[in-house]
Amino acid sequence: MAWPGMEKYQNERIIIHLDYDCFYASVVENERPGLRSLPLGIQQKNILATCNYVARAQGVKKLQLVSEAKKTCPNLVIVNGEDLSRFRDASKKLWLYVREFIWEYKVERLGFDEVFLDVTQMIDFNIANLNLADFPASVLPTCTLASNLACTNADDDKLVEEAADQGIGFFRLSLTDPKRGFSFSWGKLPGHTYPLNDALDLRVLPESDHSSQSLEDDGLDCKVHNDFHQTKHTKHRLHRRLFLAAHFADFLRNSVKETYNYTVSAGISTTKLTAKLAGSVNKPDKQTLLIPAATQSFLDGHEIGKIPGVGFKTAQVLREELLGVVQGGAPEGSSVAEVAFYDKLTHPVTIHDIRRKLTLDRLSQVLDSKEQARKLYGWLHGVDTTPVAQTSLIPTQISIEDTFRSLKGTKQAEQVLIQLVTKLITRMHIDLLSPLPTPTTSTPTPTTSLQRWLACPRTFRLSLRPRDMTGPYSARISKSAPLPRYVFARDSCAEALAGRLVRDVGLPLLRKMGKVGEGELQLVNVAVVNMEESKAGEAVMAGVDIEKVFAGKKVTAEGSRNKNDEDMDWEKEVREIERVYKMLGEKGVEGDHKLAEEIDGISNEEDTIVDGQNLGIVGVMKPIDNQIEPGIGEDLWVKADDNGELSDMDGNGTDIVPAEAPTLRPIAHLRTKSRLDFSELEMEDEVGSPSARGVVCPKCGMGVLLFALEAHARFHEMERREQEK
DNA sequence: ATGGGTCCT
DNA sequence: AGGACCC
């Protein structure tokens, strides 16, 4: 073997790839089973993101223009799928379900509809534990392939052979509980194989196609598949393991189908690469086991860009390296992307072509890094050591975006930002808060129990795509800023927090992007990134009761003291902010006015308003140079004591809170009223400093920030209707 | 294209 | 901050 440990990766891992069939369509069908028998398309803007198989049978394609799809299939049922919430929820539900079966949670999510499973340990445990006593009396295997896979003549295969003769096997799902598992038939290999079962005789499988070049010193050995099968023993052992894996995949697919009503396609092989490619051979609701000896010829038939990891750019570079710069049929003046598209159609290049004609050295020259070349060279030969990563319960980013024909002007952008950020905050609650304790009859849950933040994103990011930017992928411009802490106030409404975040961070970032920010926009994306996992997050990951962590019980062995302390500080901080918010909220607008009066030197009721309950409490500040009292229309920061009494920060009315620390304090936000009267306030330029834009409602005299005008109007409308009754 | 995601540089 | 990749 060419490198230490390669044999292990090549020969010992067993990987299953699952792919939920036309996932978005299936989610909608499960919500509305009546749609199952109808042609169904999921629309995002002008295109169909996907469609069900009924629609495909009528000629509808994925990513087709809606207008075209309607032409080919006039009775197509179309459901809008621009909001991904339901798909994300379903995806997470299925992932968590599958995850529980897999030892060490070796389950990696790819997008919403795919998972990789490393089932090596589960398979090897079951191979080692096949026990004659577990099996009932005999049914002889009837399937040639299965008996080939299952039975061998190798010395230590006696147990397996005998077990196989019994016909029924039991696959254990638990290391400790021998009763947990499922039965399977030794006589039948579930699903499909590549190559086809009928054509398959493992004893006379052709040798892999060797390339003529020397591979001895490459660090790789393309003969690995053959070398591996040199001995009958190892060959049959691998086949038996894959055979078991096929049964396990079948079990998982059936379980998902029975439990949640989703059909799943699966690939079974020894690497992520081959498992995934194998899975797409037979779809939907089917599975495919790639027979190891056929790996090279299987790969050889694929176009180069079909390798996961070889994207648009790399594929084009390789195509050009092989064929020279071609312009197969692309019209004059086509973009690079268009040329690539035509090249792909007119000059398909397969793995076989690349493998035969490009050496590792050549690849190294043409690709970005030696590492990339090495990886690709491995992939061409079926070598893929990429481990299955455990996907964390906590996402590394949360982002929301929307696209437009053309979006112009700061006003429009602000509206869009508020919409997007409102959704973003809602998603933070769904994805980053601990699940509510499940109420049980035995242990009644305390009403005081609060959801905890499992992770805290430190950064807010705004990304834009200007109208006439080109490029196949991103073509985005982005700017980031620290995410203020007040967005973690759990009982404030998302809309209120969104208004603040847009005002304090979103709009300043937009302005910071200069001309792009003010020009025509095609896409606006907001995201929170830089997740910092909390103690609670780790506990949840480890399956520990998080209340114990915070009760000070010892959970982890060592080295976690600092982290724990930081978490407690973080918890305290957020709770302080929430306490003040709630206090002011409970007292309502009237109370707010009264509270305002209590503050020395500010104003009377006429002059001062407080951002009250419906709008939440503003969590930003504006320091005023050497000014003791806030000016008209300015912000003042106050603190609350344990009784809910407000005072300015140092108790003598002279305190100016430093700009760096505002969100760390228990604060309320007051703003003098006079200048607000139907006139807009000026906006500040610096990120993080407030820019208030609001009007005073003529009905109730309350200060209303622009973003909340609509909601405020609805509030009065509701009041009016109540009175009419 | 759409509305998301990942990791690397 | 952007780029490449994935669905």
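Throughout, protein chains are lettered first and strands after them, A, B, ... in sequence-line order, and every chain is numbered starting at 1.
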So does [X] get a side-chain nitrogen or oxygen closer than 4.0 Å to the phosphate oxygens (OP1/OP2) of [N]?
X	N	value
A:Arg465	B:dG3	no
A:Arg476	C:dG3	no
A:Ser478	C:dG2	yes
A:Thr314	C:dA4	no
A:Thr403	B:dG3	yes
A:Lys479	C:dG2	no

Scan [range] against DNA chain B and write down, sorted by residue number, each residue with any heavy atom closer than 4.0 Å; if none is found, say none.
range	result
residues 108-120 of chain A	none
residues 422-435 of chain A	A:Arg427
residues 41-65 of chain A	A:Gln44, A:Lys45, A:Ile47, A:Leu63

Just the rounded figure in Å: distance from [atom2] of [N] to [atom1] of [X].
X	N	atom1	atom2	value
A:Asn525	C:dA1	CG	P	14 Å
A:Leu420	B:dG4	CG	C1'	13 Å
A:Arg461	B:dG3	CZ	C1'	14 Å
A:Arg86	B:dG4	CZ	C1'	16 Å
A:Arg88	B:dG5	CZ	C1'	10 Å
A:Gln419	B:dG3	CD	P	13 Å
A:Phe312	C:dG3	CZ	C1'	14 Å
A:Asp89	B:dG5	CG	P	12 Å

Distance-only donor-acceptor hits, side chain of residues 276-285 of chain A, under 3.5 Å, sequence neighbours excluded:
from, atom 1, to, atom 2, distance (Å)
A:Lys276, NZ, A:Glu114, OE1, 3.1
A:Ser280, OG, A:Leu277, O, 2.9
A:Asn282, ND2, A:Thr288, OG1, 2.8
A:Asp285, OD1, A:Arg253, NH1, 3.3
A:Asp285, OD2, A:Lys257, NZ, 2.8

Those residues that, when tested against [X], pass ring pair (Phe, Tyr, Trp, His ring centres under 6.0 Å) (two or more places apart):
X	value
A:Phe87	A:Tyr24
A:Phe101	A:Tyr97, A:Phe251
A:Phe116	A:His17
A:Tyr262	A:Phe23

Can a side-chain donor-acceptor contact be found between [Y] and [X] if the only test is distance below 3.5 angstrom?
X	Y	answer
A:Asp361	A:Gln365	no
A:Gln415	A:Gln419	no
A:Asp118	A:Thr120	yes
A:Arg36	A:Asn30	yes
A:Ser265	A:Asp19	no
A:Thr391	A:Glu108	no

Report, one pair per line, the protein and nucleotides 7-9 of chain B atoms (nitrogen or oxygen only) whose separation is under 3.5 Å.
none

Return the set of residues passing side chain to side chain contact (heavy atoms under 4.5 Å, CB included) with [X] (not counting sequence neighbours), or none when no residue passes.
X	value
A:Asp402	A:Lys45, A:Phe404, A:Leu420
A:Lys70	A:Val66, A:Ile78
A:Asp83	A:Ser85

Exercise. A:Gln43 side chain to A:Thr50 main-chain N or O, any donor-acceptor pair under 3.5 Å?
Worked result: no
Exercise. Considering only C:dA1, B:dG3, B:dG4, which nucleotide approaches the side chain of A:Ile400 most closely?
Worked result: B:dG4
Exercise. For A:Leu523, which contact category applies under a 4.0 Å heavy-atom criterion: base, sugar-phosphate, or nothing?
Worked result: nothing
For this session: Could you say whether A:Ile394 or A:Glu82 is positioned toward the 5' end of DNA chain B, judged by the nucleotide with the nearest heavy atom to each?
Result: A:Glu82
